[in-house]
Amino acid sequence: MHVGEERHEPVKLSVIKYDGANFEEKTVGKVEEAFKLRSKSSVVWLNIDGVHQPEIIEQIGKSFGLHPLVAEDIASTGQRPKMEDFDDYIFVVVRMFRFDGEEGETKSEQISIILGADFVISFQEREGDVFDAIRERLRNNKGKIRKMGADYLVYALIDAIVDNYFMILEKLGEAVEDIEDRLITNPTSETLQTIHDLKREMIFLRKSVWPLREVINRMERSESPLINKSTFIYLRDVYDHTIQIMDAVDTFRDMLSGMLDIYLSSVSNRMNEVMKVLTVIATIFIPLTFVAGIYGMNFRYMPELDLTWSYPAVLVLMLVVALLMVVYFRRKKWI
Amino acid sequence: MHVGEERHEPVKLSVIKYDGANFEEKTVGKVEEAFKLRSKSSVVWLNIDGVHQPEIIEQIGKSFGLHPLVAEDIASTGQRPKMEDFDDYIFVVVRMFRFDGEEGETKSEQISIILGADFVISFQEREGDVFDAIRERLRNNKGKIRKMGADYLVYALIDAIVDNYFMILEKLGEAVEDIEDRLITNPTSETLQTIHDLKREMIFLRKSVWPLREVINRMERSESPLINKSTFIYLRDVYDHTIQIMDAVDTFRDMLSGMLDIYLSSVSNRMNEVMKVLTVIATIFIPLTFVAGIYGMNFRYMPELDLTWSYPAVLVLMLVVALLMVVYFRRKKWI
Amino acid sequence: MHVGEERHEPVKLSVIKYDGANFEEKTVGKVEEAFKLRSKSSVVWLNIDGVHQPEIIEQIGKSFGLHPLVAEDIASTGQRPKMEDFDDYIFVVVRMFRFDGEEGETKSEQISIILGADFVISFQEREGDVFDAIRERLRNNKGKIRKMGADYLVYALIDAIVDNYFMILEKLGEAVEDIEDRLITNPTSETLQTIHDLKREMIFLRKSVWPLREVINRMERSESPLINKSTFIYLRDVYDHTIQIMDAVDTFRDMLSGMLDIYLSSVSNRMNEVMKVLTVIATIFIPLTFVAGIYGMNFRYMPELDLTWSYPAVLVLMLVVALLMVVYFRRKKWI
Amino acid sequence: MHVGEERHEPVKLSVIKYDGANFEEKTVGKVEEAFKLRSKSSVVWLNIDGVHQPEIIEQIGKSFGLHPLVAEDIASTGQRPKMEDFDDYIFVVVRMFRFDGEEGETKSEQISIILGADFVISFQEREGDVFDAIRERLRNNKGKIRKMGADYLVYALIDAIVDNYFMILEKLGEAVEDIEDRLITNPTSETLQTIHDLKREMIFLRKSVWPLREVINRMERSESPLINKSTFIYLRDVYDHTIQIMDAVDTFRDMLSGMLDIYLSSVSNRMNEVMKVLTVIATIFIPLTFVAGIYGMNFRYMPELDLTWSYPAVLVLMLVVALLMVVYFRRKKWI
Amino acid sequence: MHVGEERHEPVKLSVIKYDGANFEEKTVGKVEEAFKLRSKSSVVWLNIDGVHQPEIIEQIGKSFGLHPLVAEDIASTGQRPKMEDFDDYIFVVVRMFRFDGEEGETKSEQISIILGADFVISFQEREGDVFDAIRERLRNNKGKIRKMGADYLVYALIDAIVDNYFMILEKLGEAVEDIEDRLITNPTSETLQTIHDLKREMIFLRKSVWPLREVINRMERSESPLINKSTFIYLRDVYDHTIQIMDAVDTFRDMLSGMLDIYLSSVSNRMNEVMKVLTVIATIFIPLTFVAGIYGMNFRYMPELDLTWSYPAVLVLMLVVALLMVVYFRRKKWI
């Protein structure tokens with residue numbers, strides 16, 4: 001199984017219980033506490049930060065009646081985004097991206113969400129702030145999130161994750177523009193490496209968004225009673241956002257491919273420039289050196305050697321030849 | 001959200017109300033004025049220039065009973081073309097292109113259209129003249145536009161936008177031909193950049209037209225009572241135009257790809273030419289310089305040096321060698 | 001709208017009326033004359049050469065009850081092949097190719113065909129001979145064309161156009177083989193241009209045949225009473241021909257792509273050859289010139305200079321060095 | 001129409017009539033003889049070698065009640081594989097490949113098969129041995145072929161043709177491996193040509209097998225009473241074989257594409273090697289020659305010239321410079 | 001037929017019979033012994049190591065009532081993964097990969113599985129350990145495998161094979177990273193070969209997994225009573241794993257393609273470096289040598305030659321020219 005890097009910090013379970021009128025928020029130590037909070041008229045949202053303690057996931061699985069394979073998928077964090085309908089609950093896996101400033105590359109994390117009739121369980125690999133805005137909206141009863149059901153909360157979670165993609169895209173977009181500038185001013189083989197790295201990041205991004213799009217589409221078309229028809233229009237909206245992301249990613253990939261061409265062409269242009277300098281210097285001086293060689297020969301009978309004006313004459317001749325060459329190269333636009 | 005550049009000019013609301021017999025046109029200050037004009041027997045067309053004042057879009061949303069997400073989509077102008085059927089009204093987003101002479105590149109703008117039973121609302125990002133011809137036809141009762149319903153007006157709007165694409169295509173087509181000429185006469189690395197820029201514009205165009213095609217297709221196949229069957233044939237016609245645009249865009253892309261090949265080949269040909277000049281000069285003079293070097297040696301016993309005719313003989317020998325080289329290079333077609 | 005080049009020659013209207021027993025052929029001046037000829041038991045074929053007089057197309061539209069958009073599509077000759085079923089009649093647009101000997105390139109022309117219950121109207125952009133064989137078969141009652149209905153005539157027209165594609169393909173095939181020979185004997189940058197031109201022609205051809213295939217497919221699957229089931233098998237046959245054309249076009253494109261590779265490789269091989277000559281000459285003579293330079297130095301104490309045999313010895317040494325070099329290059333297969 | 005090369009040998013008609021108990025084989029002169037042999041309880045297989053005598057195909061068409069277009073398709077041998085259901089009979093076209101040893105390339109031939117209720121007619125372009133194994137099995141009542149109906153015989157024919165593809169593939173596979181060896185030992189521009197030729201052969205093969213796959217698929221899914229359900233499993237088996245062929249062809253194509261890359265890279269590596277030799281020789285001797293030039297100058301006051309040890313000192317200096325250069329190039333791994 | 005390499009070791013037949021309560025394991029000599037063990041309430045798993053003795057496969061076919069084509073497919077081990085439903089039993093072919101350490105490449109092996117109502121037969125080409133974990137789980141009654149039916153056992157077999165793919169992928173992933181390092185430190189033409197070899201392995205892997213995915217999908221959607229609905233969720237899980245493998249393979253392929261670009265670019269960069277060294281040396285010394293040549297001429301009247309300070313002056317001039325050159329090249333970033 002593909003599992004993330006080993007972790008040792010304790011797993012954090014935080015519960016929010018809300019309905020139109022009430023709001024309750026706390027951190028629980030045991031799964032049972034969260035399970036007992038369930039009630040027909042309100043929504044219970046259990047968020048788990050950390051999937052590295054299998055016994056917790058197992059407990060949740062038992063309490064909420066999840067299939068063993070679901071627990072397995074939550075724990076092994078290399079899953080592709082997918083949506084599975086188990087009648088009693090819907091299991092959704094999505095991937096979130098995060099820009100790791102230290103290593104200068106994006107990293108992806110698996111977010112597993114379980115939507116039941118009156119509860120939502122979300123699993124993050126590590127504590128993050130992507131859902132903070134939703135918590136805030138719940139606390140302050142902002143918008144209609146408190147009036148809607150558990151399905152709307154799941155929509156809000158996915159929407160937050162998709163909005164996060166836009167931020168990642170912006171970061172990558174800046175990197176692409178940065179590379180574009182460098183390509184013109186000073187292309188090095190490092191630039192090539194960076195173009196390929198960015199291309200690979202785009203591929204990773206695409207591989208996460210493409211199935212995510214499918215997940216949302218399936219939720220939208222699902223006939224599960226767990227998802228209200230009134231939520232469909234919101235899912236459609238997130239769906240449109242994923243397509244916008246795909247479009248942007250494809251555009252960046254096209255741009256990066258174009259940059260590869262420009263890079264290779266600029267390398268070849270430099271080679272050309274080097275060759276031209278060599279050619280200009282060599283073709284100007286080789287004939288002159290030949291002339292000097294002629295009058296360096298030791299034949300006894302070389303009448304020119306004895307004439308007073310022949311030395312300056314030869315110098316002038318050399319100058320004329322050199323100038324003609326220069327004019328010729330100017331015309332050819334080599335110098 | 002992706003929003004266009006910031007704007008400060010006031011938003012302009014213009015209303016046209018018409019039926020077969022009557023025509024009324026005015027600029028209103030408030031949304032309510034437009035809403036009150038609605039009547040069963042005539043069509044009210046409300047055109048808004050500018051989407052940068054959210055309160056106006058909100059007001060329209062409330063008056064005409066639009067879903068909040070629609071208002072959001074109108075305001076955030078990075079939407080892909082799409083068509084959404086809300087039973088009471090149909091929401092259509094298309095993109096229009098405009099050639100910005102100053103920056104020498106095409107820019108795209110989002111046009112949002114709402115089709116109700118007896119009204120049409122259109123949103124433009126900035127005041128433009130693309131719908132002027134339609135206004136003129138309505139004013140002068142030209143063609144059958146006044147006799148048809150609101151759905152035909154929406155068709156006319158989309159048709160005007162699609163016709164605008166043809167104009168953009170023509171401009172890009174001229175740029176492509178221009179680059180093709182330059183490619184033969186004087187290819188520079190700037191030419192390469194321009195080819196890539198044009199390719200990118202083609203990609204952007206394609207990305208706008210491709211979903212637009214889908215939008216029109218869905219409208220044509222829609223079972224909404226808001227679109228009459230008699231309008232289908234017109235939608236089919238616009239649909240055909242979008243396919244023509246796609247064809248043209250693809251042709252231009254193929255041409256630009258071909259130009260890339262030709263550019264690279266011409267750069268490589270120039271390199272060849274440079275190398276040939278160097279080779280010709282070097283291979284002619286290096287042996288001659290060697291001969292001169294021979295007779296520049298200071299050995300005491302070099303019988304040739306003392307002969308009267310050896311100097312001119314050596315000169316003649318050099319000339320013959322040079323001529324033979326020239327003949328050889330001629331044969332090789334290097335000079 | 002995309003319209004062809006301007007034309008001024010008069011539009012020619014020729015009518016053929018036939019059934020199993022009778023045949024009548026004449027050139028008419030007015031559309032009405034043709035319209036009056038219609039009768040239930042026979043087929044009237046009205047062929048119009050030239051679409052540059054909109055009033056004639058308009059008249060035909062009115063007489064035969066065509067939709068205004070059909071008239072528009074006939075006049076604007078940049079249409080893609082398509083088939084539209086208007087219940088009373090079927091409107092078919094196909095494209096025909098013609099090899100323009102003067103400009104040495106293929107040109108395409110729009111052929112619009114209208115199939116009614118007892119009439120066929122065909123529009124050509126200019127007078128051509130592609131339908132002459134059909135006229136001949138009608139005149140001489142050859143085959144079963146006179147016994148079949150209007151739908152069979154439309155099949156015959158399309159079949160004639162598709163056969164014409166095979167002729168164009170043969171011409172292009174010859175051009176491809178021609179270029180292949182030149183590629184081996186004498187590749188120039190012109191060859192590259194021709195390969196790209198041919199590739200573009202293939203693309204144009206493909207873009208005409210691909211939708212034509214769809215047109216025929218839709219006719220074959222159409223449930224219109226205007227097309228008899230007995231004609232389906234013939235349409236299937238034309239359909240197979242369009243696929244053969246597509247196959248051939250794709251094969252040619254693959255061949256042309258391969259030629260591009262070979263061209264570039266042969267350019268690079270020549271560069272190699274140039275470099276080898278330079279390297280051989282330079283590496284042979286540079287060391288020899290150095291030796292000559294040594295004995296051209298003016299040191300007072302250079303014992304070799306005074307020996308009688310040192311001059312010929314040095315000459316022999318140089319010869320040996322040169323020979324060794326030649327042997328080395330032979331082994332490397334450079335000369 | 002695409003017809004094969006002209007032929008003059010007489011067309012050969014051989015008939016086999018069999019059922020579980022009886023077997024009869026003869027060569028007939030006229031089509032009628034074969035037609036008369038038909039009986040409800042046994043299968044008549046008429047094999048025709050040669051399709052260059054249209055009158056024979058016409059006779060067969062009349063006797064067996066075939067559609068005129070079928071006769072046309074049999075005679076014009078450039079057809080793509082296809083399957084057409086005419087209710088009374090099924091018409092199948094497949095293509096067979098044959099390795100022409102003389103010209104060193106594969107050639108394709110059209111095999112047309114007609115499956116009736118109690119008869120099978122097969123047309124080959126030329127006499128071949130691909131069906132001999134089937135004749136043998138019929139003669140010796142080997143396997144269950146004699147117990148099965150006409151549809152099983154058609155399966156057996158197609159199976160024999162598909163098996164033949166495997167033999168062709170093996171030949172091509174050997175050629176690919178051969179080229180791979182040559183690519184490493186001695187790549188020439190001929191190698192490039194061969195790679196392209198093999199690639200083209202793969203394309204041709206693919207173009208024959210791809211529609212063949214479709215033919216078999218359609219037979220398998222056909223609801224014609226002419227094909228028994230018990231034969232479906234056999235058709236499925238052939239279908240799997242065609243997919244195996246497609247897989248192998250695609251693998252070979254990928255390998256050939258990789259070889260192209262390797263070829264180009266090895267050409268470029270050689271260029272590198274040539275350049276390195278030139279650079280090493282030039283950069284070692286050019287400075288030395290310069291030093292020799294210094295002491296070849298004729299200044300009156302050059303104190304070094306008069307010292308006894310300066311000549312050997314300069315020689316040693318030159319040697320040291322040359323050795324340093326060699327060490328430098330060794331480090332750079334140029335020599 | 002494609003058959004594996006010839007083998008001579010005896011074929012091994014091992015049988016496991018189990019239900020919730022009982023477990024029996026033995027090696028049998030004859031097929032009949034295994035057949036007799038069948039009972040309604042328990043599952044019999046017959047595993048055969050080696051398919052090179054057709055008579056054994058034939059016996060099994062007869063005993064268990066398999067179609068002759070199934071026996072053929074088991075024996076000819078070049079099959080693509082497929083699933084065929086014969087009502088009484090389901091026939092599944094999958095491919096397993098194995099890393100051959102000696103030859104340093106992956107090898108694939110065909111695993112054929114037959115699922116009956118109360119039995120499973122599995123065929124391996126050679127004895128392997130991939131199913132050992134399953135045997136262990138059966139022996140120790142670990143998990144629920146003993147409580148489930150024959151279909152669950154088939155799932156477990158396929159799951160073991162798919163898990164094996166992950167191990168192969170890891171090995172290939174290491175090889176890819178290894179090549180990536182070498183690409184930066186020391187790219188040779190061998191590196192290029194390895195990249196292509198790895199690319200080919202990826203293609204082979206993809207060609208095995210792609211149809212496997214389809215096999216599992218079809219099993220999951222199958223309406224055969226042999227597969228319980230409760231097993232579907234497990235099949236879905238394996239299905240997800242195959243998609244993960246496809247994703248990883250595609251990522252590796254993209255990485256390898258990028259490496260090809262980097263390899264070619266680094267070769268070209270080296271060429272550049274070689275050229276620069278040549279150019280720097282040549283352009284510095286060629287002018288200096290020319291100056292030395294000037295003062296090596298033997299003209300009688302060269303006033304500079306007689307001045308005391310002209311020799312050191314010329315040396316200084318040369319030094320200045322050389323230094324200027326060096327500064328120029330530094331600026332150009334050539335040295």
Side-chain angles (χ1 to χ4, degrees), chain B residues 143-144 163 166 184 233-234 236-237 239-241 243-244 246-248 250-251 254-255 257-259 261-262 264-266 268-269 271-273 275-276 278-305 325 328-329 332-334, chain C residues 1-2 67-69 72-73 78-80 82 84 86 186 189 192-193 195-197 199-200 203-204 207 211 260 263-264 267-268 270-271 273-275 277-282 284-286 288-299 302 304-312 314-315 318:
Chain B
K144 53 182 169 178
D163 274 358
F166 280 111
I184 294 163
I233 177 85
Y234 295 98
R236 182 86 214 157
D237 197 58
Y239 182 85
D240 286 346
H241 291 175
I243 295 191
Q244 278 178 37
M246 296 292 289
D247 262 18
D250 286 348
T251 304
D254 279 328
M255 284 171 72
S257 292
M259 286 181 198
D261 278 357
I262 292 177
L264 292 175
S265 156
S266 90
S268 145
N269 275 337
M271 179 84 167
N272 253 346
E273 209 191 335
M275 291 306 301
K276 277 180 197 163
L278 174 60
T279 305
V280 167
I281 296 287
T283 46
I284 288 178
F285 284 102
I286 285 179
L288 302 187
T289 303
F290 166 66
V291 172
I294 291 282
Y295 293 109
M297 293 194 294
N298 299 322
F299 288 108
R300 187 166 296 178
Y301 307 103
M302 288 177 74
E304 308 96 302
L305 295 182
M325 289 275 195
Y328 174 76
F329 293 138
K332 286 262 179 186
K333 290 191 184 152
W334 290 4
Chain C
M1 284 296 109
H2 299 247
H67 196 280
L69 282 175
E72 225 175 77
D73 281 352
Q79 306 294 316
R80 275 182 103 223
K82 66 177 174 181
E84 274 169 17
F86 288 79
N186 182 23
S189 62
L192 182 71
Q193 189 63 52
I195 290 173
H196 275 289
D197 287 352
K199 245 185 144 175
R200 200 184 297 174
I203 291 169
F204 279 128
K207 273 196 179 131
L260 267 183
Y263 172 80
L264 291 175
V267 164
S268 145
R270 285 187 167 210
M271 179 86 167
E273 208 191 336
V274 172
M275 290 306 301
V277 167
L278 173 60
T279 304
V280 167
I281 295 287
I284 288 178
F285 284 102
I286 285 178
L288 302 187
T289 304
F290 166 66
V291 172
I294 290 283
Y295 293 108
M297 293 195 292
N298 298 321
F299 289 107
M302 289 176 73
E304 306 97 300
L305 295 183
D306 298 324
L307 302 177
T308 317
W309 297 112
S310 55
Y311 173 52
V314 161
L315 287 186
M318 284 172 172

Item to check | Audit row: C/Lys82, B/Asp240, side-chain contact (heavy atoms from CB on, under 4.5 Å) steps and yes/no | outcome: CA-CA 9 Å; C/Lys82 66 177 174 181; B/Asp240 286 346; 2.6 Å; yes
How long is the span from the [atom1] atom in [X] to the [atom2] atom in [Y], to the nearest 0.5 Å?
X: C/Leu278; Y: B/Thr279; atom1: CG; atom2: OG1; result: 4.0 Å
X: C/Ile284; Y: B/Thr283; atom1: CD1; atom2: OG1; result: 12.0 Å
X: B/Ile243; Y: C/Gln79; atom1: CD1; atom2: CD; result: 11.0 Å

Next on the checklist: Evaluate B/Asp247 against C/Arg80 for salt bridge (charged side-chain N to carboxylate O under 4.0 Å, His left out), listing each step before the verdict.
Outcome noted: CA-CA 9 Å; B/Asp247 262 18; C/Arg80 275 182 103 223; 3.2 Å; yes
Please find the pair of heavy atoms, one from [X] and one from [Y], that lie closest to each other, and give the distance.
X: B/Ile286; Y: C/Thr289; answer: O-OG1, 4.4 Å
X: B/Ile233; Y: C/Leu69; answer: O-CD1, 3.6 Å
X: C/Gly296; Y: B/Asn298; answer: O-ND2, 3.1 Å

Checklist entry - Quick one: are the ring centres of C/Tyr311 and B/Tyr301 less than 6.0 Å apart? => result no
Checklist entry - Can you name the residues that form a ring-ring contact (aromatic ring centres under 6.0 Å, His included) with C/Tyr263, not counting sequence neighbours? => result none
Measure [X] against the heavy atoms of chain B and call it side chain, backbone, both or neither at under 4.5 Å.
X: C/Val280; value: neither
X: C/Leu315; value: side chain
X: C/Leu307; value: backbone
X: C/Met297; value: backbone
X: C/Leu264; value: side chain

Checklist entry - With chain B, which of C/Trp309, C/Phe290, C/Phe86 has the greatest number of heavy-atom pairs at distances under 4.5 Å? => result C/Phe86
Checklist entry - Are C/Arg200 and B/Asp254 close enough for a salt bridge, meaning some N to O gap below 4.0 Å? => result no
Checklist entry - If you count heavy-atom pairs under 4.5 Å between each of B/Pro303, B/Ser268, B/Ala282, B/Gly293 and chain C, which one has the most? => result B/Gly293
Checklist entry - Among B/Ser265, B/Ser266, B/Pro287, which residue forms the greatest number of heavy-atom pairs with chain C at distances under 4.5 Å? => result B/Pro287
Next on the checklist: Between C/Val314 and B/Ile294, is there a side-chain heavy-atom distance shorter than 4.5 Å?
Outcome noted: no
Item to check | B/Met255 side chain near C/His196 side chain, heavy-atom distance below 4.5 Å | outcome: no
Item to check | chain C contact via B/Tyr234 - which portion, at a heavy-atom distance below 4.5 Å | outcome: both
Checklist entry - What pairs of residues pass the salt bridge (Lys or Arg N to Asp or Glu O under 4.0 Å) test when at least one of them lies in residues 296-305 of chain B, not counting sequence neighbours? => result B/Arg300-C/Asp306
